[in-house]
Amino acid sequence: MEISYYIVRMPLKNPFTTSFGTDIYRESIIFRLSENGITAYSECVSDHDPFYSYEDNTTAMHIISEYLIKSVKNLPEPEEFLKSVSYIKGHNMAKAALEMLLYDYHARLNKKSLADYLGQNRGYAIPGISIGIDKIDKMLERIDEAVKMGYNRIKVKIKKGLENEILKSIRDVYPDISLSADANSDYTFNDIELLKSLDRYNLVYIEQPLCYDDLIYHSKLSREISTPICLDESITSSRRAEKAFEIGACSVINIKPGRVSGLTESIKIARIAMENNGHAWVGGMLETGIGRAYNMALAANNLIDYPGDTSPNARYYSEDLVKNPFTMDNGIISIDLKRPGTGIDVDSNALKKYTIDSGKFEI
Ligand code: OSB
Ligand code: MG
């Protein structure tokens, strides 16, 4: 059996700035499996640099080639695959890339769309948008466009020292839109007064205000501010999600399949959120059309109750890796449940064009 990989470097339509830096390109790893007349693709959401998490493309390729790829032999069910690699600590993005590849393969084998294969789904995703840090007038322009397009929630990136200026300018113009702010871990508990001052903006939640590996101080913070806390970086597994709810560290979770080792854990986390009267939504990592299809299938699940960062493809790249992008109509993104697996139609010319390195695993 053969699995190919392609490291792609995709120029973003617009630079994307978070509290940890500015991206002009997205470098991700695409996997392709072809067996028994079925072709499956997946995307590893690690990037060139370890700035969002400790994983990067080099660590992901190392873990995949040395430890994970052999467990894909015999094409196990995704859950079985995950169990067989549980002896490897962490490296969830690397695990997720193969777990999702197996999901696409098995959904296709069962002649079901991935959304149906995952279980109860509503057939569409409810998108919000994540807007990077920029000059205030640029951010307001982007928000204006997004509101007109029908996005169901606007999330803006914030950074220590810029938060009040950004949020006040937005609320002055849009007092009522559903608004959230993502700090990507830029604050510490010492910033408590500053964080309290954000309560006045009536945010649906503040995303990951404190350190990426912290639960305890998020729990302390949640008792000091009225804005609900949503965790992203801190929730790396269903076990951590359980603990987060148990100690009140958050009431909302941004689920990114890549961060939590794939769709099996994603669904478990969404269920935990619902059982704890919390909320769950599907985040994004600026995926190409390949990874995006997995996020959409998950976002269509009935356990997901808040709008996600699942924008249609056209927002990210002027040329994508798929020929059938998702589009947004009246604030929803429909999923074609008649197409098997992820349903994507990969544009092999575009894949070739943006590939900077490639190879094969023979297993
Ligand atoms: O924190 O949610 C985040 C993008 C890259 C890394 C981290 C994050 C993001 C986003 C963009 O917010 C979400 C998207 O539109 O894909
Ligand atoms: Mg985030």
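Taking a cutoff of 4.0 Å between a charged side-chain nitrogen and a carboxylate oxygen, Lys157 and Asp182 qualify as a salt bridge. A salt bridge links Glu207 to Lys155: at least one charged side-chain nitrogen sits closer than 4.0 Å to a carboxylate oxygen. Ion pairing of Glu319 with Lys353 is present here, as a side-chain N (NZ or NE/NH1/NH2) and a carboxylate O approach within less than 4.0 Å.
Although no hydrogens or angles enter the test, the distance criterion places a donor-acceptor pair under 3.5 Å between the side chain of Glu287 and the main chain of Met285. In this structure, Tyr294 contributes its side chain and Met100 its backbone to a donor-acceptor pair below 3.5 Å. Formation of a donor-acceptor pair under 3.5 Å by the Tyr54 side chain with backbone atoms of His91 is found in this model. Although no hydrogens or angles enter the test, the distance criterion places a donor-acceptor pair under 3.5 Å between the side chain of Asp214 and the main chain of His218.
Taking the six-membered ring for Trp and the full ring otherwise, Tyr41 and Phe31 have centroids separated by 6.0 Å or more. Aromatic ring centres of His48 and Tyr25: separated by at least 6.0 Å. Side-chain rings of Phe20 and Phe51 stay apart, their centers remaining 6.0 Å or farther from each other.
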Under the criterion salt bridge (Lys or Arg N to Asp or Glu O under 4.0 Å), I'd like the reasoning laid out for Glu80 against Lys83: C-alpha separation, chi angles, the key distance, then a yes or no. CA-CA 5 Å; Glu80 231 179 288; Lys83 273 193 205 128; over 6 Å; no

Is there a side chain to side chain donor-acceptor pair (under 3.5 Å) between Asp232 and Tyr52? Walk through the geometry before answering. CA-CA 10 Å; Asp232 173 352; Tyr52 165 81; 2.5 Å; yes

Please report the C-alpha distance between Asn57 and Ser46 in whole Å, then the side-chain angles of each, then the deciding distance to 0.1 Å, and finally whether the side chain to side chain donor-acceptor pair (under 3.5 Å) criterion is met. CA-CA 5 Å; Asn57 289 344; Ser46 53; 2.7 Å; yes

Pair Asp320-Arg292, salt bridge (Lys or Arg N to Asp or Glu O under 4.0 Å): steps then yes or no: CA-CA 11 Å; Asp320 204 341; Arg292 188 158 308 280; 5.4 Å; no

Test salt bridge (Lys or Arg N to Asp or Glu O under 4.0 Å) on Glu193 and Lys196; report intermediate values, then the result. CA-CA 5 Å; Glu193 293 309 319; Lys196 272 185 192 169; 3.6 Å; yes

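The closest side-chain heavy-atom distance from Asp134 to Glu141 is not below 4.5 Å.
A cation-pi arrangement, defined by a distance under 6.0 Å to the six-membered ring centre and an angle within 45 degrees of its axis, is absent between Arg171 and Tyr201.
For the residue pair Gly284 and Asp309, the shortest heavy atom distance occurs at N-CB, 3.9 Å.
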